[in-house]
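A short worksheet on the structure shown next.
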Amino acid sequence: MGIAIVGQIVSPVFLQTDNLINVMQTMSEIALLVLAQTMILIVKKMDLSMESTMGLAPGVAAWLVVPIGAGHGLGLLPGGWAIPVTLAVGVLIGVINALLIIRFGLNGFIVTLGMLIVLRGVLTGVSGGQTFFQLPSSMLYLGSAVWFGVPASIWICLVLFAAAIVVLGWTNFGRSLYAIGGNVDAAKAAGIRTDRVLAIVIVTGSLLAALAGLLLSGRLASVASAQGNGYIFTVFAAAVIGGISLNGGKGTMFGAFSGILLLFMIQNVLTLGGVPAQWIGALNGLIILAALTISRITGGKAQE
Amino acid sequence: MGIAIVGQIVSPVFLQTDNLINVMQTMSEIALLVLAQTMILIVKKMDLSMESTMGLAPGVAAWLVVPIGAGHGLGLLPGGWAIPVTLAVGVLIGVINALLIIRFGLNGFIVTLGMLIVLRGVLTGVSGGQTFFQLPSSMLYLGSAVWFGVPASIWICLVLFAAAIVVLGWTNFGRSLYAIGGNVDAAKAAGIRTDRVLAIVIVTGSLLAALAGLLLSGRLASVASAQGNGYIFTVFAAAVIGGISLNGGKGTMFGAFSGILLLFMIQNVLTLGGVPAQWIGALNGLIILAALTISRITGGKAQE
Amino acid sequence: MALDGAWITIRPGETHALVGRNGAGKSTLVNVITGLLGPDEGTLTFDGKPAPRLTDRDAWRQRVACVYQKSTIIPTLTVGENLFLNRCDHGRGRLIDWRGTRRRAEDLLSAWSVEVAPGTLAGDLSVEQRQFVEIARALSFGARFIILDEPTAQLDGTAINRLFDRIRDLQAQGVTFLFISHHLQEIYEICDMVTVFRDARHIVTSPVAELSRTELVAAMTGETAVVLGGERVSSLDADATAALSVQDLSGSAYADITFQVGAGEIVGLAGAAGSGRTEVAETVVGLRAADSGKVEIAGSRPRPGSVPAALAAGAGFVPQDRHHQGYVPAMSIADNSTLSVPARLGRGGFISNRRRNLLAETSIEKLEIKTPGPELPVSALSGGNQQKVVMARALADEPRLLVLINPTAGVDVRSKEFLLGKVEETAETGTGVLIASDELDDLRLCDRVLVMFQGRVTTETRRGWHDHDLVAAMEGMTLNAENHD
Amino acid sequence: LLSACGSASGTGTTSADGPLVGVDYPRSDTDFWNSYIKYTPDYAKQLGLSLKTTNSQNEVAKLTANVQTFISQGVKGVAMAPQDTAAIAPTLDQLKAKKIPVVTVDTRPDNGDVFMVVRADNRAYGEKACKYLGSKLGGKGKVVMLQGGLDSINGRDRTEAFNECMKANYPGITVFGEATNWDGAVAAQKLQTDLTANPDIKGIYMQSSFALAGTLQLLKQRGLLVPPTDPKHVFVVSNDGIPEELKSIADGKIDATVSQPADLYAKYALYYLKAAIDGKTFQPGKTDHDSTIIQVRPGLLEDQLSAPLVTADGGTYDGVPSLKSTDTSLWGNNLG
Ligand SMILES: Nc1ncnc2c1ncn2[C@@H]1O[C@H](COP(=O)(O)OP(=O)(O)OP(=O)(O)O)[C@@H](O)[C@H]1O
Ligand SMILES: Nc1ncnc2c1ncn2[C@@H]1O[C@H](COP(=O)(O)OP(=O)(O)OP(=O)(O)O)[C@@H](O)[C@H]1O
Ligand SMILES: [Mg+2]
Ligand SMILES: [Mg+2]
């Protein structure tokens, strides 16, 4: 990849294992969002609320678990409950989204836009806008542990992507996502339980977002009330650069992973290259736009 | 409308002309974005970059016009150029979007997501992240003038909405927007110059966003480098609450206007009611979600 | 529900035709029989046993295979995967064995002599290939009862013959068919029994041989049929400017096309799928631009590749596929039928709703569109009526030249007769008509038929041709009445 | 809304042969921090330090990544301004393990050790604003406080201190607190609503200069932008001390501001880093630059730089001394 060469020219630090691990660790949480969003895009839905789920799920856990006095937690549950609560909140959000989208037939973009605002608001509400800290050690573990010399969050991210590649490419369930995204009526006629698959995908997506939130909270040892805000733009940019179609039925997990890796490497190179802070945003955006245009030109077909 | 009654109960101030004018004035800029987005949604496109256009267009004007020494302008042009430059930047952005979407056949969501990031970055770049003050009086006029006892921006907003209602409802051009959004191939076969109409709509949308930015800069007598950030969520929420379909071909300007008015009245009531700040976000979001669900139930058909 | 006390009995081994006008409930019945829809009332039995539960798709598919009217191909997946969707081979560890699946797909495709690689994206297939993939897939389940819902609507002559050969093979093996088509001659060709539906009710079931074509049409429409194809006196006005003059037109799908359509003349442009007839017609109305050559409509040369210019020059146009290019579903009949004539609705780009509705009401009356009023969205109409709206738009500006592509595709007999009758009426007013179609019924009323094969006009014939000669010409054989045995 | 990919950090290097230090800028979208960014390289040169800089765009996740980059680049000390004071602890632990000294600027980490905290007392900002408004209004009337974001510790300190001081010293004054998320448009909207509901509002406290222009514009629209001698005058106190505020004070448009020492932040962040690298230590007590070092908790010293109140006349208000807006010691009057 060209980026490696450019990176090496910009700074010899770029290709050091240390730096690459740094890039991977920084991107691991958002990569999980990309994974989740990719699944959801393949079935021709979208979930904008993910970025809020990523903040709210660990936020609620912290709120219930962090003892009174230390910040503004309620201290209602022992520390060991933090992870189950985080994941349960993720599932709950997914179930609400799935209900509104599948059962009530509401447009996914609209539902999850509404949810994005609500969930963000709820986190501000329970946290009073403040950051939760003194999290229980169970919440910190995954985000901060190091396994075989590499941060646990990198392992988790890689294992989940590998699993997703296998599931999407080599199982009936995975293929059914593509079928649903390509033509939902045809999928139904082929005996795929489309509603059930859609629900599983949406709920799993929220669950992954909650997990991503857990990792981030663990890494930062806190839950900020703005955790995750603005991530959704990056998630979509990565997915699209990775070749995922917004019209469903197309794209691979490997592509999605490459997309997010590319984005974070570019940011890393810009940082190492000492680009003035105020121009980094514009450069980053230009690179995204260029990547899109190039993938259009090489991809050939007009996107609709 | 129920909101009027609720508002009156919460605070007797709510229905005072003064307060209603306030609401209208604060919403006037974002209402122009809603107008523009509605047109674009009717032709089945979307423009996420609007929120950045709203900041960048007056930002570039201020950058070129504000004299050196007073802040960080370049002072290259006399003050009278500010408005033409603002509008020209808006048109330019629209032309770029239109080229990428129509000529190169790129997906509108993706293009404008990329542009959103680029334009935001460019504004941070030219402004160095700082706020432009000491704007020339021409830039201040529209946002701060009062005509017949009512702020000019309200008049502008109302006149533009009235014009849009007439154009969409009673002209051939307006009808062609619905035809294109409903079935672009059929529109083409019926002799509508679809590409031209699409380009006009996209460029006009950006122009309106630039105008909205001008009004906001005039009202606040400054251009913050974050001007417009996050507005796109509100714009979409308003359009959707107002009954605009994301699938094109459906919706009225009157509905769009009602949508944004409703959102701002709710915010006004929440402020007047002294709702604790940390819960305003959640409440606002819940109301949006409820409005969406209700419009779905009363609207009948499943949205896709 | 779209069915009302409907019933049908199909005996093992027979080929049963189901006919009825658009919206009669045929496809709905198919959905019920294949387990996609549950009946509100009534029962369904296979071999005397009650139907499986709706959720048990596999059980359904062992009993009945179906080619649905709407495509059930998934364009983003490969052909191979489409064939074995949700039933791929599993290899080790319950993972899909792609190589095995691919081999089976190859076998299946070659058995059907569909010449596509299993790795091709289904979205890249031609209409015919796609249709055959659907049929091959439906039959590959090994069910002894097969439903074909309008399988021939999108196929040309050769393809239909291949399909029928295959059906006859299976008939010989005792497979039962339920066959739906608007082409009545096909019913007589391969079916034993026929059932007629009208307004969601069962009307009659009878052996095909005992029901004449006229009786069949009468049963479908509930009224005595008008006989179509009676002698027509040509309304060609040789003195007036030709409605259309095409000279040396060459483009990507055709070359050296030269012909004229006189005022009041009806000219057919026949040809199999891929012969270039559709492309020529689309070039005439400006949907495409030719590489070279010229098109003159009623004496003026519109800018190539511009629909508005062609319309302004006096063209009216019914596009190939009404769902795709014909109408805007969410818009009203009034808007759809006046979409291409804004100038007649008011001045300065404004539209007067009164004038629009007046114009639309005239069309509704003239074309007998069944609707409560002009404000109804077109999506709420049945297929035949939707096609009439498209026709109304083509006629709205009193065109000098009417270009029709497959004007009666998927339209029931009655509407077909009606629409073609309107075409004749229009020609009598001095309008030149160009009909690009492979449907013999459409071509029968033409004064002349030009046959295209592989992008060139190979044959020209006057009225009075024999069906088989024209079909042969469309398949590339020269039409020569003298030498025919 | 900051887009995670739309923002990152930049590394600049100032060439010098002195020890290499890393400075992470918290954000580049406020005038105050932009001034800080401008001062930093100058003082690095003065102190003979080589400099690597990054920008974390107000996002703590980015800050931790930037610190990793610093470590890879082998810096000998790190200065940062974590806007989220809780989330930085793991990063501090890591730096401590690598024996890299840290100076935090503007904010004090909730836990974890740093060599020195360089900050002004945000509670004092709120108090000074309160005293000024209290004395000007004569202890009665209505005041709007345009707060920053709920999630900012500095904002919270200012809010709490202002509220407590009002309650304790001027019980006759009613305070309407409005959260604005540091957004000028939101601030204008809320202020407008409050002014409509309570036309007799006599004072405004803005917790940052972000709301300055919009507030003035609004007052002008309502005919309230009049000299202090006019009974309709609304007293406006701002915060930050950017040039625009000083100019507005001189023009009589606003009445006061609290000047945050952007220059001193840059100067002393680097000063303490150099000291740490040189092995110096500090004790609580008065310093040589008109400030006090206090011990917040064991292992955490804080140098509380002075942040003067700035007024048109430089008078003293309820015991709070002030500087004239034209005073050349103010950083806002010294910008290139
Ligand atoms: N999902 C549906 N809900 C309600 N009504 C429907 C639905 N689908 C079809 N219909 C109605 O059922 C009727 C029968 O439709 P169906 O598709 O079975 O007709 P058909 O006989 O197959 O017509 P064609 O010959 O055009 O295929 C139509 O008039 C239509 O209005
Ligand atoms: N989901 C649906 N809900 C309600 N009505 C439907 C639905 N789908 C189709 N219809 C109705 O079906 C009718 C047309 O659909 P249908 O597919 O049966 O047409 P058709 O006559 O079969 O046309 P074609 O010959 O082109 O297939 C219209 O009256 C339409 O309102
Ligand atoms: Mg049908
Ligand atoms: Mg049918």
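Just so we're on the same page: letters track the sequence lines, and every chain starts at 1.
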Inset, instruction - Inspect the surroundings of CZ in Phe254(A) and state if more than 12 heavy atoms from other residues, nucleotides or ligands are less than 6.0 Å away. - result: no

Can you give me the closest heavy-atom contact between [X] and [Y], atom names plus distance?
| X | Y | result |
| --- | --- | --- |
| Leu85(C) | Ala190(A) | CD2-CB, 3.7 Å |
| Leu77(C) | Tyr178(A) | CD2-CB, 3.6 Å |
| Pro75(C) | Gly182(A) | CD-O, 3.9 Å |
| Ala189(A) | Thr72(C) | CB-CG2, 4.3 Å |

Inset, instruction - Report the residue from Asn82(C), Ile73(C), Ile74(C) that forms a side-chain contact (heavy atoms from CB on, under 4.5 Å) with Asn183(A). - result: Ile74(C)

Legend entry - Arg175(A) and Ile96(C): CA distance, side-chain angles, deciding distance, side chain to side chain contact (heavy atoms under 4.5 Å, CB included) verdict: CA-CA 10 Å; Arg175(A) 300 316 293 175; Ile96(C) 294 174; 3.6 Å; yes

Inset, instruction - Look at Asn172(A), Val167(A), Val184(A), Ile192(A) and state which one has the largest set of heavy-atom pairs under 4.5 Å with chain C. - result: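 Answer, by heavy-atom pair count under 4.5 Å with chain C: Asn172(A).
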
Inset, instruction - Answer with side chain, backbone, both or neither: which region of Arg137(C) has an atom nearer than 4.5 Å to a non-hydrogen atom of chain A? - result: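 The answer is neither part of Arg137(C).
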
Legend entry - Side chain / backbone / both / neither for Thr34(C) at chain A, heavy atoms under 4.5 Å: neither

Legend entry - Structural part of Thr171(A) lying under 4.5 Å from a heavy atom of chain C: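 Contact with chain C: backbone and side chain both.
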
Legend entry - Proximal component of Asp185(A), with respect to chain C [non-hydrogen, under 4.5 Å]: neither

Inset, instruction - Look at the side chain of Trp98(C) and the backbone N and O of Gly169(A), then say whether any donor-acceptor pair between them is shorter than 3.5 Å. - result: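 Checking the backbone N and O of Gly169(A) against the side chain of Trp98(C), a donor-acceptor pair under 3.5 Å is found.
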
